[in-house]
There are 2 protein chains.
Amino acid sequence: MVVGNNKSAVFLKEPSKYPVAGEHIGVELKQLNTDLHDGQILLRNLYISLDPYLRNRMKDVVSYVPSYKTGEPLDSHGIAEVVESKNSKWPVGSLVVGPTIRWEERSVVGANAELEIIPAESLDPRIPLSAHIGVLGMPGYTAYGSLLEIGKPKAGETIFISAASGAVGQLVGQIAKLKGLRVIGSAGSDDKVEYLLKELKFDAAFNYKRGSILENLRAAAPEGIDIYYENVGGETLEAVLEVIKAHGRIIACGMISEYNNGKDTYNVKNLVNIVLKRLKMEGFLVYEFGEVVKKRFEREVSEWLKNGEIVYREDIAQGLDNAPDAFVGLFHGRNFGKGVVKIADL
Amino acid sequence: MVVGNNKSAVFLKEPSKYPVAGEHIGVELKQLNTDLHDGQILLRNLYISLDPYLRNRMKDVVSYVPSYKTGEPLDSHGIAEVVESKNSKWPVGSLVVGPTIRWEERSVVGANAELEIIPAESLDPRIPLSAHIGVLGMPGYTAYGSLLEIGKPKAGETIFISAASGAVGQLVGQIAKLKGLRVIGSAGSDDKVEYLLKELKFDAAFNYKRGSILENLRAAAPEGIDIYYENVGGETLEAVLEVIKAHGRIIACGMISEYNNGKDTYNVKNLVNIVLKRLKMEGFLVYEFGEVVKKRFEREVSEWLKNGEIVYREDIAQGLDNAPDAFVGLFHGRNFGKGVVKIADL
């Protein structure tokens with residue numbers, strides 16, 4: 001059966017700088033053929049994840065994920081319910097999570113879709129379903145795996161986290177506290193800074209839009225920092241290269257300030273400190289930390305969440321109609337916590 | 001006894017950009033009291049090493065070595081003969097090597113000087129004495145230790161080396177060849193490029209002053225590179241970030257292009273590739289690779305040298321009078337091979 005009212009958030013064209021809702025992503029009603037072949041299932045999509053790296057899928061860059069195609073729905077990590085099934089792997093009623101849930105109300109996908117059923121023991125009433133694309137999903141695993149495997153934090157060290165109230169940053173900071181580090185964060189509003197200090201118990205935090213980033217960082221870390229958790233790049237990276245100690249580690253998770261500026265990038269003036277201070281700066285692919293780390297992540301972070309040892313804030317936009325605005329807002333710092341769009345109630 | 005004719009190359013003032021002989025370093029006759037206290041020795045200095053990192057000692061930057069003082073002789077790695085001794089560690093006639101040999105004809109130093117006697121078995125007639133501050137000294141150890149410990153090269157991989165005919169680069173390339181890598185180098189003259197191809201047997205090489213660095217690099221490495229041995233920074237680093245493969249390693253040995261430009265640094269436009277390609281970029285302190293690596297270096301490189309499996313080119317300026325010019329020339333690429341000043345014959 002062909003239905004003609006399948007609402008979708010569609011990629012319209014490549015932005016040269018910041019994406020604009022309506023111009024680069026728009027909402028359309030598309031047609032969907034819901035007649036299933038063998039192996040196929042029909043999904044009712046519930047949540048999609050808004051992540052900064054998706055911006056890079058809007059341009060033709062070398063990356064590990066394919067670029068978006070004009071006229072097609074975007075996709076990202078998401079959660080869906082199986083409502084019809086011709087595939088025994090995914091029976092009707094299963095809740096599934098995967099990295100390429102399309103930004104549309106319903107989807108038909110085949111047997112090679114990357115979907116995992118959320119196991120019953122993970123459907124804890126104390127944990128919201130959306131956590132499976134947040135603190136218990138890719139952003140959470142990113143934070144946990146990279147902090148521990150690349151940063152190799154030691155009790156007593158000082159870590160600085162940019163975009164610290166974001167999807168990844170808020171968890172990095174709390175894990176670092178649990179591991180005995182002194183934790184400093186930056187964020188883009190006074191509300192977020194207050195959240196870092198009051199709710200997440202950071203040792204110091206500042207609003208990067210108020211005053212000089214370098215002076216704020218020097219005041220927060222008078223003896224320098226050992227680890228920098230890099231989410232933003234540009235001027236913040238430059239300030240870090242001044243205050244980081246010899247043999248410091250930079251965990252290069254993202255550089256959101258560089259995603260929207262075309263060729264007009266910030267001139268980081270002191271890269272030579274990588275040589276002079278003998279720094280290590282490392283990017284990573286979260287899927288390569290391996291199964292042992294993944295299992296440890298799932299066990300430890302679930303426990304911390306249930307015990308209330310960590311908290312996790314989400315910023316949930318309601319409905320696909322709001323998806324373009326919510327996505328664009330990520331790059332202007334308008335989200336407060338992990339960005340999510342709720343497409344439908346369970 | 002005070003002698004008043006001890007020729008010295010002296011630090012005059014901090015350059016804002018490129019150092020100029022006569023303005024920032026000058027040659028003077030200084031006085032020297034050659035009466036020795038207990039524990040002291042009198043050195044007749046023979047060779048001093050010209051290394052790019054010394055440029056950073058002419059400014060007030062955070063580094064692991066102290067800045068030069070106005071009016072005082074510079075110092076660097078060097079080789080000297082002990083001509084008088086009140087210290088049983090260093091008897092008269094010993095040949096010593098150390099990291100802080102002063103740029104003067106004779107020096108009096110005390111018991112805490114960092115000097116090692118060159119062992120008799122290393123004084124092989126097939127190896128020039130100056131090799132102990134070159135291929136068998138700090139630059140050689142830098143090349144060997146960092147390539148193997150940080151780069152972790154594997155046979156079949158491709159490495160690109162900037163400043164490839166320099167003190168460190170020429171050895172990195174030859175070791176990489178011995179380990180089964182495809183080796184590409186850049187240098188600043190056609191003569192140097194010919195040397196890389198003909199004498200050092202590099203697989204490809206280009207003159208970075210002819211045409212676009214990026215296009216040269218793409219032509220030399222159509223399938224990309226796995227390891228970049230970074231000696232120059234700036235535009236070359238930017239080109240590398242385009243052609244390097246996912247999970248590439250950047251061994252950050254130096255960034256000579258950044259040492260002389262004050263705050264007017266090159267805008268590397270694509271640092272975001274560190275995130276997108278999951279790269280590792282690492283600086284290092286050669287003294288931290290440990291004794292095991294050091295011994296392995298001394299044994300392996302000595303053997304290679306004696307067997308003719310590697311060659312090593314030095315550019316030797318004659319006499320302290322020529323030291324300022326030779327040092328300044330390093331930053332204009334006027335040396336061809338490892339920069340050395342010979343102060344006196346043995």
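From a predicted model like this one, the values you see are computed outputs, not experimental measurements. Note on naming: letters A, B, ... go to the chains in the order of the sequence lines (proteins, then strands), and numbering restarts at 1 for each one.
- For the atom pair NZ of B:Lys280 and NZ of A:Lys280, the computed distance is 5.5 Å after rounding to the nearest 0.5 Å.
- At a 4.5 Å heavy-atom cutoff, the contact between B:Leu271 and chain A is made by backbone and side-chain atoms alike.
- Of the two parts of A:Glu230, neither the backbone nor the side chain holds a non-hydrogen atom closer than 4.5 Å to a non-hydrogen atom of chain B.
- Contacts with chain A (heavy atom to heavy atom, under 4.5 Å) involve these residues of residues 244-260 of chain B, listed by number: B:His247, B:Ala252, B:Cys253, B:Gly254, B:Met255, B:Glu258, B:Tyr259.
- At distances below 3.5 Å, not a single donor-acceptor pair connects side-chain atoms of A:Asn56 with backbone N or O atoms of B:Leu276.
- In this structure, A:Val268 and B:Asn267 have side chains that are not in contact, with every pair of non-hydrogen atoms separated by 4.5 Å or more.
- Heavy atoms of other residues, nucleotides or ligands lying less than 6.0 angstrom from CD of A:Glu114 number 12 at most.
- Looking at B:Ile150, there are no atoms closer than 4.5 Å to chain A (heavy atoms on both sides), in backbone or side chain.
- A:Glu215 CD: 12 or fewer foreign heavy atoms inside a 6.0 Å radius.
- Both the backbone and the side chain of A:Ile274 come within contact range of chain B, judged by heavy atoms closer than 4.5 Å.
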